[in-house]
Each structure stands twice: as C-alpha cells, then as structure tokens.
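I have placed the structure first, in the form of structure tokens, so that the comments after it can refer back to it.
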There are 4 protein chains.
Amino acid sequence: MSKAEKTRQFIIEQTAELFNKKGYAGTSLSDITSATGLTKGSIYGNFENKDEVAKEVFLYNSKRLQQSVADKLNREMTCREKLFSIVDFYRTSWESNFLRGGCPLLNTAIEADDTMPFLKKEVAKSFENWAQKTINILENGKSQNEIVESIDSQKYAYQFIVLIEGGILLSKTMNNKAHLFNALERIEKIIDNELIK
Amino acid sequence: MSKAEKTRQFIIEQTAELFNKKGYAGTSLSDITSATGLTKGSIYGNFENKDEVAKEVFLYNSKRLQQSVADKLNREMTCREKLFSIVDFYRTSWESNFLRGGCPLLNTAIEADDTMPFLKKEVAKSFENWAQKTINILENGKSQNEIVESIDSQKYAYQFIVLIEGGILLSKTMNNKAHLFNALERIEKIIDNELIK
Amino acid sequence: MSKAEKTRQFIIEQTAELFNKKGYAGTSLSDITSATGLTKGSIYGNFENKDEVAKEVFLYNSKRLQQSVADKLNREMTCREKLFSIVDFYRTSWESNFLRGGCPLLNTAIEADDTMPFLKKEVAKSFENWAQKTINILENGKSQNEIVESIDSQKYAYQFIVLIEGGILLSKTMNNKAHLFNALERIEKIIDNELIK
Amino acid sequence: MSKAEKTRQFIIEQTAELFNKKGYAGTSLSDITSATGLTKGSIYGNFENKDEVAKEVFLYNSKRLQQSVADKLNREMTCREKLFSIVDFYRTSWESNFLRGGCPLLNTAIEADDTMPFLKKEVAKSFENWAQKTINILENGKSQNEIVESIDSQKYAYQFIVLIEGGILLSKTMNNKAHLFNALERIEKIIDNELIK
DNA sequence: CATGAATGAGTTTTCATTCAT
DNA sequence: TATGAATGAAAACTCATTCAT
C-alpha cells in the first residue's frame, strides 16, 4: 500500500461517519480538513474533487456494512440459519448503527436521488449486490432442498431490504427501536412460513 | 386571506417540489427567488428565515399527502375497503409521487435526522399522525366486529408505514415500481390473513 | 400642534435614547419602528429620510440637555452661583446621563466627525451655543464687578467644556465616576482662583 | 515572520486609518477589500471575523500612539522634561492626528461604549496603560525629590487624559486647534504650580 | 506529496427606501 | 396620513477549488 493510498484510506475512514450524518452536500471541505487534520491541498492531492471523496466514502461505508453481515455467516450454516443470522445482525448492530447516523445506503439513496446521479448509481449497485447475496442463499437453499422451489427469490430478497430499510427509517426518526425490531420479526415469520420447506 | 398570507402560500406552493427534490440544505434562497419570481427581501418579509420556509413547506407537503389519502375514504366503506383504498392510493399515485421527488416524509426524515432537529420533530409528528389514522380505522373495525380484537393496532399501523416507505425508497432508487408494488401486496396479504375476521 | 407634528415629536422622543446608545449608523429603521410601534411608511411620511430623523433626534437630545442646565439657573443668582450650579448639574445628573448612553454632544461629535457632515455642523453649533451661555454669564459677571475683567471668557468657557466632556468620556469608559468628578472639581478651582475677583 | 503574519499586518496597517475615520460598524468588508486589494476570502483566511480585524486595528492604532509618545522620552530627562515632552507631542502631532481621524482611543471609546463590549474592554485597558505611564513618571519624580510627595499621581494622570481627550474632541469638532492647545497649556500650568517642587 | 495562502462565486440575511392602497 | 408589501443593493460570511512553493 503506497503512501498515497494510505492517505486516501485515512481520509475516507476519518470522514465516513461525518458524511453519513451530515450528508454529502452538508459536509464541507473544512469539515473534512478538521476531521482529518490535513489541509485542503492535501485532500485535492488525493482526490479529484469533493464528489470523488463522497463516492469513495459511500463505497467504504457500504462495503463495511456488507462485510459485517458477511462476517456472521459461514459455510456450515443451513440456509435458514444464514437468513436468521442476517436478520439478527440488524438487531444487534442497531445501537452502533444508530450512533453512526443510520444506514448509509438509506441516507445516500435519499440525498443522491434527485441531485447526485453519480452517487445514485452506486447506491443502486449496492442494493443490487445486497439483494444478490440473499438471492444466492435462497437459490442455494433450493438446490439443498431447504427452500420451496417455486418462490421468486428476487422478490423476497428485495422485500427483506424494504422491511429493513423502512424499519431503520422509522426507528431512527421516532427514536424507537421497536419499529425496526417488528420489521425484523416480520422477515423471520416470512422465512418460516413461506420459504422454508 | 390577507395579501401577506397569499404570498406566503404562493411561496410555499412554488417551492414545495423544489425542496422535496433538492432537500432543505440544497435549496438556496436564490432557488426560491427564481422559483417564485420574488426578491430575497420579499421572502424575508414573509418568513423569518429559510428554516421557517423549510418547515412550512414540509408541513404543506405532508398535509397535501395526508389529504390526498383522506380524499379516497368515506363513511360508508368497510374497514377492509378503507385499508385497501389507502394501499391502492400509493399504487395509483406512484407516478406523480415519483415525479415530485418521492415521499416528503421519507426525504425529510433522512435529511433532518442528524442536522435539523426542528424539522425532525415535525416529521415524527407526521408519522405519528399517519399511524394514528390507521389505528383509528383498525380500532373502529374491532368495534364493528370486522377486525380481530386481539391484534395490536399500533404495531400493524407502523408496519404498514415501514413497508410503504421502504417500498418507495427502493423503487425510487432502483427506478423500478415493482419493489413498492410488492410491498403493497404484502400489506394486503397481512390485512386479509391477520386482521380481517 | 398638528397631528403630524405630534407624530414627529413622538418618533423623536421614543428613539432619542436609542440613537444616543447605538449611534446613528447603528440604529436601523427596524429599530425605529420597533421602538415606536409605527411602520416604516409612517416614519417616511413624517421625515424625509433616516438622516432627518437623526438630525432631529440630535437637536432634541441637545436641547433637552441645555434646558436641564438652564432650569437650574435663575436671575437672582450671582455669577459664581450660576457657574457652580452648572458644574453641579453634571455631578447630580451623572447617573441618569450614564444610563441614557452618555452625552449626546460627545457621542455625536465623534460619530459624525468624518462621516456625517450635516450632523457635525449641528454638533458644532451646539457646542458654540453652550460656550456662549457660559460666556454670557462671565461677561455679565464682569459688568457686575464679580469676574476679573482681563480674562478671556471664551477661552474659559471652552476649557470648561473640555473638562466636562473629557470627564464624561473617561468615567463612562472606565465605569468610574471619579474621573468626571475630578474634572468638575478642577473647574470649581479655576473659577475661584482665576475668575472670581 | 510568516506570510500569514505579514498579510495580517498588511491588512491591519492598510485599514487602520479607515477604521479610525469611519468607525468599526461603518467600515464594511468591502471597504477592507478595497483598501487592501485582497478578497473577502483572504480577509477571512487571516482573521476569524470582522470583530477580530476591528480589535487588532484598535490595538495597532493604540500601540502606534503609545510608541510615538514613548519615542520622545529618554532616560536623561528630568520628570518635568518628560511631562512637558508628552504634552508637546500632542501639540506637534495635532495636524497628522487630525488628518488620520483623531485619537483612536477617543473614537473607539465612544463607539464601543454601548455596543461592542469586547472593544470597550480594550479601550479601558489602553487608558489604564496610558495613565500608568504618567503615574510612573510622577512616582519616579517623587523619589528623585522633583515632585511634591503628597500629590495623588493617579488623579493627576487621569486629569491630564481628560484634558487631552476633551481638547482633541473640541478641536476636531470645531475645526480649531486652539481648544486642544489651551488644554495643553492648562496641563503645563498644573505641572508647574501643583506638582513640581 | 503536502502546505499555506489565496480566489471568486456563492451563501443567508439586513438595509434604507418606495408606493399602491 | 398611515399601512402593508415590496424592492434592490449591500451586509457578513462560507464555499469548493487552485497553485506556487
């Protein structure tokens, strides 16, 4: 890892929470220099412009999340165990998630929607990726005879995202974890009632 | 209605979509003067500051939405008809909702969360209001012997919001109405399977 | 007194202290409307512009002061009694003078000096007027054989102003009435040692 | 001296006369950029805000004055020579003082009095400093057996300031140096009649 | 590579003033 | 006369970005 790459990574990590809390428009270059202790010239030496920082921070935040989920899974688990593990991740990580400003996919999706097309594209990719992970588990489950063959994996994968993101939104806004937890229970119910053979 | 009140209302209406699309921080006073044809002095003659415009625009957008839903309902409907009517509203209004920048509650909730406490409070109130409307329908349904008595109205009311907002989020981001429509179907399923006697 | 004249007077009186404290540049038309309860249109209906208000307020403040001094004097007094009466006025009025923002001549002289020629002229006239009053007393004293004939009345009259204004300046700035009181004692000493036969 | 410090100093020097003439409220950032040839961004890069510029300019003006007086004095002088030297400074510098907008202590004291507490504090300090210098000379004179032991040094020190500032005020306002010169003569008379043994 | 110092266009807000009603 | 509602210019300040060193 070159020095340049280290500095880039340092900037990204130091500002990840900032961007997630204040948004991309709301985070100024002065905020970035304050958070990193570096100068503006240095930021521009390592990134083309603020948009590039924003994009890399989003990718970092998104990957971090994805990795945390992946860390809970392993080869030996049944399909059901994997799905429940994912659901449980959102339950146990709620507190820290909350403190770091909520889900970066949700936050970025909303802010980027009508104003930052380059970011919106990345968010869409992240959601697709997330959905694909769930789809893979389900399809694997089908071939392992654990999941009902006839179900539309993609439909369920996205429905789980809907419930999780909607739950985070409401819990964050109302300052009440019950809404997210209810949504997670709903997902578990769906898994057991509609997916598991 | 005094001229001042008319101008206030004019400013609010002319900038409602703007704020919903570009966000509160992202909408500048110059944007507001462009959209209204008025001068900065005139904006400040009618509002204390930009925050007040933001707040009033949110309240306007929120009430507009609420009214549109309410317009679909009437006294003669059964509880089930009312609930399905609400769900259907989000189906039929999807296109226009989409073009106006998505759900103002969702957008404002995310933007205001860590940065604009005065707006966050209003969003929370709006969500509560919305939930209460659904709760009232359900409680009414119980006393009319149409809804299972033992169910927790509040829990279901918020779960519907979770599904609708999560659905809008995903559909808007992925540019694919299927995600919202799936979520709406899920709500209908829940109504018929768990709530209606 | 016509209604117009009454309103003019009302505006002047309500804003006299304001102008003396905040200065002419520092007092905005909004300050004036707040202090009077009138509208901007009404201010402009009664005065040509802010400068005219400023000028009239200065004249009002200046005359008020002059009148207060004059009220302490009467025909029967000796020259010495009159001079000591004037000096004593600044001693006894110190507190209220202080609370109203200090001497309007001093304040206006400084502010108007390099920026508001139309006001500077008025302040100079006021000082001349004040000096002339003292000169008259002294000249009268000469013809009454109470004051040394050879003294330069004008020189002493202005020296008294120097001591009074310098004293007010220092006492106000240091928040310590001793400086003014010392200056007043100096005047008394000069009267008895150099002027009175 | 870093470039930043040089620019700070440059800004202070280029605007010192401006502030003294137009006052702190009356000097706008545009005035500052015009006087320096720099941009607003550059001013804010070197000062926290306009208040900080104002304060530094006052301190500069105040120190400049103090230094000019100090330059006239040296170790070999008797106490009387020193006091007369100070008095004479105000006589010989009258013209340039006048052209630069008058005494910065006087100007700032009046403007800051009811509106800018952070500046008022600095002016008070400057007056104290000035008085202390005179007190030191007098106390030294006492121990050298040149000054009457029983006199209250502080009282006389402040009385000299009263006469000088009152004199400047009147001379500036009436556009007539005689008032200041009279006051200076009065000081000299006091020195010889009441202080010198 | 990073820094320090600058830029110019932008921000929100306030100003004195006007004028139809 | 007084009001309510506007205007346009100017205020203080911040922004993302650049570039010589």
Side-chain angles (χ1 to χ4, degrees), chain A residues 2-8 11 25-33 36-54, chain B residues 2-8 25-33 36-54, chain C residues 2-8 25-33 36-54, chain D residues 2-8 25-33 36-51 53-54:
Chain A
S2 74
K3 198 191 173 194
E5 276 177 282
K6 268 188 204 161
T7 310
R8 264 177 84 91
I11 294 168
T27 302
S28 72
L29 258 127
S30 294
D31 291 333
I32 298 175
T33 57
T36 56
L38 298 171
T39 60
K40 287 180 189 179
S42 164
I43 308 296
Y44 277 86
N46 288 284
F47 294 90
E48 211 192 322
N49 52 30
K50 198 183 127 182
D51 282 358
E52 210 206 340
V53 185
Chain B
S2 76
K3 202 184 176 204
E5 279 176 276
K6 270 185 205 161
T7 309
R8 262 178 86 93
T27 303
S28 73
L29 257 131
S30 296
D31 291 333
I32 298 176
T33 57
T36 56
L38 296 170
T39 61
K40 286 175 190 180
S42 164
I43 308 296
Y44 278 87
N46 288 286
F47 293 89
E48 213 191 318
N49 51 32
K50 200 182 123 182
D51 282 359
E52 209 206 341
V53 185
Chain C
S2 74
K3 198 190 175 195
E5 276 177 280
K6 268 187 204 161
T7 310
R8 265 177 84 92
T27 302
S28 72
L29 258 128
S30 294
D31 291 332
I32 298 176
T33 57
T36 56
L38 297 171
T39 60
K40 287 180 188 179
S42 163
I43 308 296
Y44 276 85
N46 288 284
F47 294 90
E48 211 192 322
N49 52 29
K50 198 182 126 182
D51 282 359
E52 209 205 342
V53 186
Chain D
S2 75
K3 200 182 178 206
E5 277 177 279
K6 270 186 205 160
T7 309
R8 262 178 86 93
T27 303
S28 73
L29 258 130
S30 295
D31 291 333
I32 298 175
T33 57
T36 55
L38 296 170
T39 60
K40 285 177 192 178
S42 165
I43 307 297
Y44 278 90
N46 288 286
F47 293 90
E48 213 191 319
N49 52 32
K50 200 182 121 182
D51 282 359
V53 186

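This one's a predicted model, so the numbers in the text were calculated from it and none came from an experiment. All chains are named by letter (A, B, ...) in the order of the sequence lines, taking the proteins before the strands, and each is independently numbered beginning at 1.
- Side-chain atoms of D:Leu38 and D:Thr7, non-hydrogen and from C-beta on, do get closer than 4.5 Å to each other.
- At the heavy-atom level, A:Ser28 lies under 4.0 Å from the strands shown only through sugar-phosphate atoms.
- To the nearest 0.5 Å, the span separating CG on C:Asn46 from NZ on C:Lys3 amounts to 9.5 Å.
- Heavy-atom distances to DNA chain F give each of D:Asp31 and A:Tyr44 a nearest nucleotide, and the one nearer the 5′ end belongs to D:Asp31.
- Between B:Lys40 and D:Ser42, the residue whose closest nucleotide on DNA chain E is further toward the 5' end is D:Ser42.
- In terms of heavy atoms, B:Tyr44 sits closest to B:Lys50 at OH-N, 4.2 Å.
- Taking every heavy atom of both residues into account, D:Lys40 and D:Thr33 meet most closely at N-CG2, 3.6 Å.
- A:Thr27 comes within contact range of the sugar-phosphate backbone alone, with a heavy-atom separation under 4.0 Å but no base atom that close.
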Which dot-bracket string describes DNA chain F (Watson-Crick N1-N3 plus N6-O4 or O6-N4, or G-U N1-O2 and O6-N3, all under 3.5 Å; [ ] crossing; | other strand)? .||||||||||||||||||||

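- Looking at heavy atoms from C-beta onward, D:Thr36 lies in side-chain contact with D:Ile43 at the 4.5 angstrom threshold.
- One N or O on the side chain of A:Asn49 and one on the backbone of A:Glu52 form a donor-acceptor pair closer than 3.5 Å.
- With a cutoff of under 4.0 Å to any heavy atom of chain D, the contacted region of DNA chain F is bounded 5' to 3' by F:dA11 to F:dT14.
- For E:dA2, the OP1/OP2 oxygens have a side-chain nitrogen or oxygen of A:Asn46 closer than 4.0 Å.
- Residues that satisfy the salt bridge (Lys or Arg N to Asp or Glu O under 4.0 Å) test with C:Asp31, not counting sequence neighbours, are C:Lys22.
- Mapping D:Gly41 and B:Ser30 onto DNA chain E via the closest heavy atom, the residue that lands nearer the 5' end is D:Gly41.
- Mapping A:Glu48 and D:Asn49 onto DNA chain F via the closest heavy atom, the residue that lands nearer the 5' end is D:Asn49.
- Contact annotation: C:Lys50 side-chain N/O to E:dA16 OP1/OP2 distance is under 4.0 Å.
- Per the geometry, CD1 belonging to A:Ile11 stands 11 Å off C1' belonging to E:dC1, to the nearest Å.
- Nucleic acid contact for C:Gly45: none, since no nucleic acid atom lies under 4.0 Å from a heavy atom of the residue.
- Distance, C:Ile43 CD1 to E:dC15 P: 14 Å, rounded to whole Å.
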